[in-house]
S.K.: 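Got a structure for you, questions after.
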Amino acid sequence: MPVWPKSFYTFGLSLKTAATEWKLRQKTAAPRAQARALAALTPRLAATSFWRAAGVEAGMPYARFQSRVPLQTYELLAPAIARMQQGETDVLWPGRCALFARSAATSTGEPKLLPVTEEMLAHFRRAGADALLYYTVRVRHAGVFRSRHLILGGSTALTPMAGAAGHEAYAGELSGIVAVNLPAWAERHLYEPGTTAAKFTDWDEMLAAIVTRTSGRDISLLAGIPSTLLQLAAALREPAAARGTPPTPLQTRWPNLECVIHTGVPLAPLAAELRAALGPTPKFHEVYAASEGFIASQDTDAPGAGLRLMGDLGVFFEFLPMAEFDRSRLDQLGSKAVPLSGVKPNTDYALVLTTPGGLARYVLEDVVRFVSTEPPRLLYVGRTTLRLNSFGEQVMEKELTDALAAVCTRQKWSLVNFHVAPLPPGKTTTGPVRGRHEWWIELKPGTIATPIGPQIAAELEIELTRANPTYAARRRGNVLDGPVVRLVMPGVFEHWLRYQGRWGGQHKLPRCRSDRLIADELAQITNFAQD
């Protein structure tokens with residue numbers, strides 16, 4: 001990147017901000033961009049052995065694409081991805097692929113390996129830049145580019161993969177892969193914590209290196225999942241706590257800190273604590289991305305507006321109504337998915353992607369709900385596999401998160417983590433009970449009002465009944481009992497995450513599951529005996 005005069009640099013960024021604002025004002029541009037994306041993707045897919053056999057043709061119209069190409073899951077594509085790892089050419093995307101992103105394994109517990117082609121890298125680079133320009137539109141200036149950007153992602157250390165002779169392939173977390181493939185100017189002028197500190201694979205070691213490197217730097221932007229941002233804040237403020245002096249917000253250390261990008265999980269349960277750690281003025285900016293593709297970014301300060309679908313970055317989106325969703329019959333549901341032009345507000349959809357990473361009609365297993373269609377803005381509401389429906393209640397992750405966040409805000413409790421699982425019918429010392437939801441909750445100690453499980457359960461019941469009519473109907477019909485809350489000792493969730501190898505970085509705890517896999521493990525950790 002040339003060393004431009006500040007005035008020229010600022011002028012250029014102001015032009016980019018103005019161009020982005022003009023683009024965002026074009027409310028009906030996204031469907032046209034989506035048509036261009038599909039037209040660009042089909043010739044590349046049709047040049048591969050897998051997708052040619054699946055019926056993809058260059059330039060095929062959407063109606064034929066929809067009727068001919070079946071919906072796909074990772075399990076169906078895994079054998080083809082394994083061939084790519086071995087160095088075979090033209091399998092899911094033209095040419096060879098040398099990089100594979102290891103997913104966070106939030107839903108299954110087993111990480112996926114997803115191809116990261118050169119075109120996919122370009123998609124992520126452009127999406128990251130555009131998401132940041134969306135922020136500049138919100139604040140109406142480009143000052144965030146004047147200082148450095150601290151990204152709390154995965155390790156930049158990539159693991160060599162066993163492949164065919166003459167083919168080198170590497171696996172790593174997507175954020176690490178993108179970091180080591182940044183343009184030279186971005187790495188030199190913006191990116192922190194630098195490739196050396198980011199190479200640590202142990203999160204505690206990486207965090208210590210980040211603190212050492214960035215304490216005296218000029219930081220204008222932080223990015224990461226909310227829990228990781230709080231871990232950074234605690235590490236930076238630890239010396240003050242050890243001295244017995246009140247810790248100061250991070251904005252005191254970094255006066256130019258103005259933007260905090262958060263992703264991965266809903267912010268609401270940790271928003272108050274994160275605000276206290278950061279200081280009063282940095283603005284939160286939400287983005288929605290997965291290892292399979294960049295999906296949406298915040299573009300407005302309007303409450304409840306959702307995130308703007310980024311439909312002009314080369315990924316083609318489809319949406320399968322959750323009313324039709326049946327994982328065991330996905331091969332028969334391709335005609336039920338609709339393009340962006342066919343979505344309706346306030347309807348839950350399973351997200352389906354076709355990407356320049358070689359995925360076509362790939363069911364991401366995320367569930368989204370559109371707030372508006374012109375422009376297209378959506379909410380992430382959960383996972384197809386991570387929801388509560390054992391009793392026909394159809395409760396999504398977002399509803400659970402919002403309910404607990406509302407209770408904690410009202411009572412001024414600080415949440416550390418939580419998990420919800422179904423509790424089947426059984427017998428207690430007071431008699432038989434119907435099925436119900438079991439909440440495992442860890443709160444920070446030192447609250448003004450001492451929380452007790454029954455009180456939290458009663459308040460959660462009120463919030464969920466108000467938010468979810470199906471849940472309310474099941475409760476009125478005595479199909480399930482009210483929730484039960486298990487308050488756990490400090491450190492229980494950290495212990496579980498460390499034991500599972502998911503501590504720090506991009507790792508997340510599933511907020512709910514349709515089974516008791518995590519709940520039973522938490523019960524073993526806490527030596528909890530069911531009622």
Side-chain angles (χ1 to χ4, degrees), residues 1-4 6 9-10 12-13 16-17 99 101-102 116 118 120-136 142-158 170 172-203 205-225 228-229 231-233 235-236 250-251 253-264 278 282-287 289 291 294 297 313 504-506:
M1 179 179 180
V3 182
W4 296 323
K6 278 190 175 180
Y9 178 59
T10 304
L13 288 171
K16 288 289 289 182
T17 296
L99 295 172
R102 190 182 296 114
V116 183
E118 288 296 328
M120 203 67 208
L121 273 174
H123 160 79
F124 280 112
R125 283 194 291 258
R126 184 183 166 196
D130 276 13
L132 196 46
L133 286 168
Y134 284 17
Y135 167 79
T136 67
V144 72
F145 286 101
R146 286 182 171 270
S147 302
R148 302 188 71 81
H149 299 172
L150 175 51
I151 313 299
L152 298 179
S155 172
T156 55
L158 305 183
Y170 299 87
E173 295 185 57
L174 177 69
S175 57
I177 292 174
V178 173
V180 297
N181 286 278
L182 287 172
W185 64 266
E187 183 175 343
R188 179 183 176 188
H189 295 281
L190 296 175
Y191 175 65
E192 289 290 346
T195 54
T196 301
K199 278 186 177 179
F200 287 98
T201 55
D202 179 86
W203 171 246
E205 292 179 350
M206 184 192 292
L207 192 59
I210 290 172
V211 169
T212 299
R213 175 180 168 93
T214 61
S215 292
R217 298 258 167 168
D218 183 14
I219 304 294
S220 61
L221 178 145
L222 285 176
I225 64 175
T228 304
L229 293 169
Q231 290 166 26
L232 171 71
L236 285 164
L250 296 191
Q251 196 175 15
R253 181 186 301 269
W254 296 320
N256 290 323
L257 178 62
E258 64 164 279
C259 177
V260 178
I261 293 180
H262 61 94
T263 186
L278 294 168
K283 294 179 73 71
F284 291 122
H285 186 68
E286 185 175 4
V287 300
S291 298
F294 212 104
S297 174
L313 298 174
Q506 298 294 294

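Here, residue 1 is the first one in the sequence, and each next residue gets the next number.
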S.K.: Does any part of the side chain of Leu121, heavy atoms only, come nearer than 4.5 Å to the side chain of Ile177, both counted from C-beta?
M.R.: yes
S.K.: Could you check if a side-chain atom of Phe284 sits within less than 4.5 angstrom of a side-chain atom of Ile261, using non-hydrogen atoms only?
M.R.: no
S.K.: Which atoms form the tightest heavy-atom contact between Phe145 and Leu190, and what is the distance?
M.R.: O-CD2, 3.7 Å
S.K.: Given Leu221, which of Leu257, Leu132, Asn256 fulfils the side chain to side chain contact (heavy atoms under 4.5 Å, CB included) condition?
M.R.: Leu132
S.K.: Would Asp130 and Leu313 satisfy side chain to side chain contact (heavy atoms under 4.5 Å, CB included), going step by step from the backbone distance to the final call?
M.R.: CA-CA 9 Å; Asp130 276 13; Leu313 298 174; 3.6 Å; yes
S.K.: For residues Val180 and Leu158, report the shortest heavy-atom separation together with the two atoms involved.
M.R.: CG2-CD1, 4.3 Å
S.K.: Is it the case that the side chain of Trp203 and the backbone of Gly154 share a donor-acceptor pair, with hydrogens and angles ignored and the cut-off at 3.5 Å?
M.R.: no
S.K.: Whether the side chain of Thr214 engages the backbone of Ile210 through a donor-acceptor N/O pair (distance < 3.5 Å, no angle test) should be reported.
M.R.: yes
S.K.: Taking it one step at a time, do Leu150 and Leu232 satisfy side chain to side chain contact (heavy atoms under 4.5 Å, CB included)?
M.R.: CA-CA 11 Å; Leu150 175 51; Leu232 171 71; 3.8 Å; yes
S.K.: Between Pro193 and Ile151, what is the shortest heavy-atom contact and its length?
M.R.: CD-O, 3.6 Å
S.K.: Would you say the side-chain atoms of His149 pair up with the backbone N or O of Ser220, donor to acceptor, closer than 3.5 Å?
M.R.: no
S.K.: Can you name the closest pair of heavy atoms from Ser297 and His285 and give their distance?
M.R.: OG-NE2, 3.4 Å
S.K.: Begin from the C-alpha positions of Arg125 and Asn181 and carry the test side chain to side chain contact (heavy atoms under 4.5 Å, CB included) through to its verdict.
M.R.: CA-CA 9 Å; Arg125 283 194 291 258; Asn181 286 278; 3.9 Å; yes
S.K.: Any side-chain heavy-atom pair from Leu250 and Leu222 closer than 4.5 angstrom?
M.R.: yes
S.K.: Between the side chain of Ser291 and the main-chain N/O of Ala101, is any donor-acceptor distance below 3.5 Å?
M.R.: no
S.K.: How many angstroms lie between atom OH of Tyr170 and atom CG of Leu99, to the nearest 0.5 angstrom?
M.R.: 9.0 Å
S.K.: Identify the two heavy atoms, one from Ala209 and one from Phe200, that lie closest to each other, and give their separation to 0.1 Å.
M.R.: CB-CE1, 3.6 Å
S.K.: Taking atom CD of Glu258 and atom OG of Ser147, what is their separation to the nearest 0.5 Å?
M.R.: 8.0 Å
S.K.: Would you check if there is a donor-acceptor pair between the side chains of Glu286 and Tyr135 at a distance under 3.5 Å?
M.R.: no
S.K.: For a quick test of reading the model, state the closest non-hydrogen atom pair linking Lys199 to Thr195 and the distance between them.
M.R.: CG-O, 3.0 Å
S.K.: Can you tell me how far OG1 of Thr228 sits from CG of Leu207, rounded to the nearest 0.5 angstrom?
M.R.: 9.0 Å
S.K.: Tell me if a side-chain donor or acceptor on Arg148 pairs with a main-chain N or O of Glu192 at a distance below 3.5 Å.
M.R.: no
S.K.: Would Thr196 and Thr156 count as a side chain to side chain contact (heavy atoms under 4.5 Å, CB included) if you check the C-alpha gap in whole Å, the side-chain angles of each, and the deciding distance to 0.1 Å?
M.R.: CA-CA 9 Å; Thr196 301; Thr156 55; over 6 Å; no
S.K.: Do Glu173 and Arg102 meet the salt-bridge criterion of a basic N to acidic O distance under 4.0 Å?
M.R.: no
